[in-house]
Protein chains: 2
Amino acid sequence: MQKKQTATIYDVASRVGVSLATVSRVVNGNSNVRESTKRKVLDAIEELGYHPNAVARGLASKKTTTIGVVMPDVTDMYYSELARGIDDVANMYHYDVLLTNTDEDPVRETMAVNNLASKQVDGIIFMGNELDREVLNTIAAVDAPVVLAGSLDEEGILPSVNIDYVAAVKEATELLIRNKHDRVALVTGPMVHAINKHHRLVGYQAGLEAANIAFDDSLLFATHQDYSAGLQVAEKIFAAQATAAVVYDDEVALGIMNYMRDHGKSVPEDFEIITSNDTKFAIVTRPELSSIGQPKYDIGAVAMRMLTKLMNNEVVDDMQVQLPHTFEKRGTTINPQP
Amino acid sequence: MQKKQTATIYDVASRVGVSLATVSRVVNGNSNVRESTKRKVLDAIEELGYHPNAVARGLASKKTTTIGVVMPDVTDMYYSELARGIDDVANMYHYDVLLTNTDEDPVRETMAVNNLASKQVDGIIFMGNELDREVLNTIAAVDAPVVLAGSLDEEGILPSVNIDYVAAVKEATELLIRNKHDRVALVTGPMVHAINKHHRLVGYQAGLEAANIAFDDSLLFATHQDYSAGLQVAEKIFAAQATAAVVYDDEVALGIMNYMRDHGKSVPEDFEIITSNDTKFAIVTRPELSSIGQPKYDIGAVAMRMLTKLMNNEVVDDMQVQLPHTFEKRGTTINPQP
DNA sequence: ACACAATTTGCAAACGCTTACAATGACTAA
DNA sequence: TTAGTCATTGTAAGCGTTTGCAAATTGTGT
């Protein structure tokens with residue numbers, strides 16, 4: 001076919017009559033090269049259609065200008081919006097992104113990180129609800145900076161970017177309580193995940209406590225992170241006679257809402273819902289979902305920006321960043337009582 | 001920090017007392033190495049925690065086991081589901097995926113392809129509605145196979161995987177007509193895109209023609225690909241007195257549905273909708289969206305599989321694959337009249 | 001015109017691995 | 001025993017860049 005043997009740096013060097021080093025210098029915008037030679041080299045590059053071979057570059061310089069992104073699933077709106085933020089600032093700094101889906105499987109997460117390491121990525125952004133000990137060890141063993149985006153490690157030592165989940169869930173819980181609910185359900189993922197146990201649950205309990213409502217663990221629900229899981233858990237929530245719920249995932253929230261409506265409850269009159277991710281899902285339904293507002297794109301973007309600093313050995317003052325969250329009042333909550 | 005100098009192939013070679021070549025052979029599962037030496041090498045690898053450096057490997061072998069994926073936006077459900085299919089089979093064949101978002105900007109698409117080329121990817125999967133001439137040239141100039149997924153080039157020469165858009169749209173149109181609509185709108189993207197002009201529109205007109213309904217271009221609408229665009233175009237559709245619509249994107253369809261309902265039309269009684277992508281968006285609303293069913297995951301998977309063959313110089317009998325589509329009858333269409 | 005300091009260049013050694021090709025050794029058949 | 005085969009292993013030449021260091025060139029002040 002079109003098998004074109006791409007020109008090498010050597011070709012342009014001999015074309016111009018200079019050494020490899022000189023060409024390399026102008027290609028890298030490097031220091032001092034006489035203006036006239038630079039121009040000649042540039043011309044030759046143009047004529048030969050020379051494109052530096054990034055692999056060779058990587059070998060020689062030990063920098064690949066590539067970062068790895070490890071995520072549960074591109075198909076999950078929450079994560080894909082983070083990924084978009086990551087990708088945009090990655091491009092801004094001229095990094096490429098190596099993407100891996102793990103479905104939150106620790107084995108695959110470990111493999112992914114190791115794989116990225118052998119590909120010599122300059123840095124890694126990791127997303128996922130749980131940070132398995134082995135995954136943590138693997139990350140620690142990697143010779144490249146890693147930052148967590150929308151994710152937390154139990155000890156809170158890894159660089160990370162999140163919102164204040166405790167505060168956000170507390171506020172949501174309080175809002176619902178203020179609306180006269182005394183049976184507010186909390187729907188999250190498995191309690192083995194730090195983010196659920198140490199953040200969402202804590203926030204929920206804090207909200208309860210502030211209102212002097214006793215914690216009742218029959219109002220605690222753990223689900224998968226998808227629509228049908230929402231449909232399923234809704235039945236239990238219904239049975240538990242909860243009249244409102246704080247939900248950790250939009251698809252799950254939608255499942256719950258639809259179930260309730262299919263079973264004669266109207267939302268928000270009979271059942272109020274506050275979801276947490278504020279993805280596109282939240283605004284395409286009627287009623288629209290009231291949600292904790294997360295700056296998802298920014299979480300990804302800030303995480304990536306942080307990574308660039310780390311890769312550059314710049315000082316990063318705050319290694320555990322918390323971005324501000326909001327509350328998006330929409331149709332699944334009634335107006336707060338004054 | 002933990003700056004660990006990773007062991008090289010040389011280290012394990014000298015540890016075992018064999019040559020680089022031998023180690024390389026066992027690492028690559030290569031041909032003939034005596035069982036006993038293989039074992040010794042494997043042990044040494046284990047002890048030293050040796051991981052082959054993929055960059056060096058790439059330089060030496062001219063194969064990076066990395067492919068590039070160029071797509072409009074990870075955040076778009078349709079494309080992210082394709083991406084998932086791609087990623088899964090890529091992993092199956094031990095390829096990594098370099099992901100790039102282009103927002104369908106030809107300039108960025110061109111840059112992306114060139115960039116991937118200089119990173120020496122072994123192949124590229126390209127997604128996007130339009131294939132700008134320059135992008136096409138760039139693709140042709142790349143020394144690596146490229147396959148289109150869920151996308152078409154005007155000439156239909158590039159390897160690609162799609163469904164039969166003409167047939168799918170025709171069927172949808174016919175179904176609506178059969179339901180007594182004589183003013184069926186077609187909502188697509190810009191007509192400058194081949195997929196709209198040469199496929200969706202053609203299918204739509206074929207459907208009309210089969211029912212002897214004259215084509216009326218005031219029933220043709222071009223929009224952006226997002227929810228608010230749907231809300232906006234809905235107003236015009238309403239004004240045009242259409243009573244049904246075939247829509248190319250789920251978010252747009254949702255916008256249209258919500259607008260109609262907000263303006264006193266009930267769906268599907270007063271206005272029927274058939275969308276085209278059958279993403280998660282289609283099933284989380286009430287009513288659920290009737291949709292052309294596309295095997296999105298499979299489109300990605302098949303495209304990737306095809307790419308592996310191309311990268312391997314295997315023969316590919318069918319370079320323009322059309323996967324079967326279905327019709328998912330849900331809540332935005334009434335039961336077809338017998 | 002001369003010594004000395006910049007400023008530009010070139011040399012050549014990595015970077016870590018793959019892979020022809022050559023070499024060695026062991027084994028087989030005659 | 002001897003040549004001929006295989007199976008196994010080693011040698012060394014790349015792959016296309018970057019980069020520390022040395023060499024060459026140019027400029028400056030006197």
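This structure is a prediction, so every number in the text was calculated from the model and none was measured. Naming: A, B, ... by sequence-line order, numbering from 1 per chain.
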Could you check how far [atom1] of [X] sits from [atom2] of [N], rounded to whole Å?
X        : N      : atom1 : atom2 : value
A:Lys38  : C:dT7  : NZ    : P     : 15 Å
A:Arg57  : C:dG16 : CZ    : P     : 18 Å
B:Glu35  : D:dT8  : CD    : P     : 10 Å
B:Asp11  : C:dC15 : CG    : C1'   : 14 Å
A:Ile45  : D:dT17 : CD1   : C1'   : 13 Å
B:Asn28  : C:dG16 : CG    : C1'   : 13 Å
B:His51  : C:dC15 : NE2   : P     : 20 Å
B:Gln120 : D:dC15 : CD    : P     : 13 Å

Look at the side-chain N and O atoms of [X] and state whether any lies under 4.0 Å from the OP1 or OP2 oxygen of [N].
X       : N      : value
B:Tyr50 : C:dC17 : yes
A:Arg34 : C:dT8  : no
B:Thr8  : C:dG16 : no
A:Thr22 : C:dT9  : no

Item to check | A:Gln320, CD atom: more than 12 neighbouring heavy atoms under 6.0 Å | outcome: yes

Checklist entry - If you count the non-hydrogen atoms of other residues, nucleotides and ligands that lie under 6.0 Å from CD in B:Glu314, is the total more than 12? => result yes

Checklist entry - Closer to the 5' end of DNA chain C via nearest nucleotide, is it B:Ile9 or A:Leu20? => result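 It is A:Leu20, whose closest nucleotide lies nearer the 5' terminus.
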
Next on the checklist: What I want to check is whether the side chains of A:Lys119 and A:Thr66 have a donor and an acceptor closer together than 3.5 Å.
Outcome noted: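 Side chains of A:Lys119 and A:Thr66: no pair found under 3.5 Å.
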
Checklist entry - For residues A:Thr308 and A:Asn312, is any side-chain donor paired with an opposing acceptor at under 3.5 Å? => result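 There is no such pair between these side chains.
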
Please tell me which of the listed nucleotides, [options], lies nearest to the side chain of [X]?
X       : options                : value
A:Ala56 : D:dG16, C:dT19, C:dG10 : D:dG16
B:Ser24 : C:dC11, D:dT11, C:dT19 : C:dT19
B:Arg25 : D:dT17, D:dG16, C:dC21 : C:dC21
A:Leu59 : D:dT11, D:dG16, C:dT9  : D:dG16
A:Lys62 : C:dC15, C:dT18, D:dG10 : C:dC15
A:Val33 : D:dG16, C:dT9, C:dT18  : C:dT9

Checklist entry - So does A:Arg84 pair up with A:Asp88, basic N to acidic O under 4.0 Å? => result yes

Item to check | Residue closer to the 5' end of DNA chain D, B:Thr37 versus B:Ser61 (nearest nucleotide) | outcome: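 Nearer the 5' end of the strand: B:Thr37.
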
Checklist entry - When we call it a touch if two heavy atoms are under 4.0 Å apart, what does B:Val55 touch: a base, just sugar-phosphate, or nothing? => result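 If one applies the 4.0 Å heavy-atom cut-off, B:Val55 turns out to touch nothing in the nucleic acid.
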
Item to check | Atom pair CD (B:Glu155) and CG (B:Leu131), whose distance is rounded to the nearest 0.5 Å | outcome: 9.5 Å

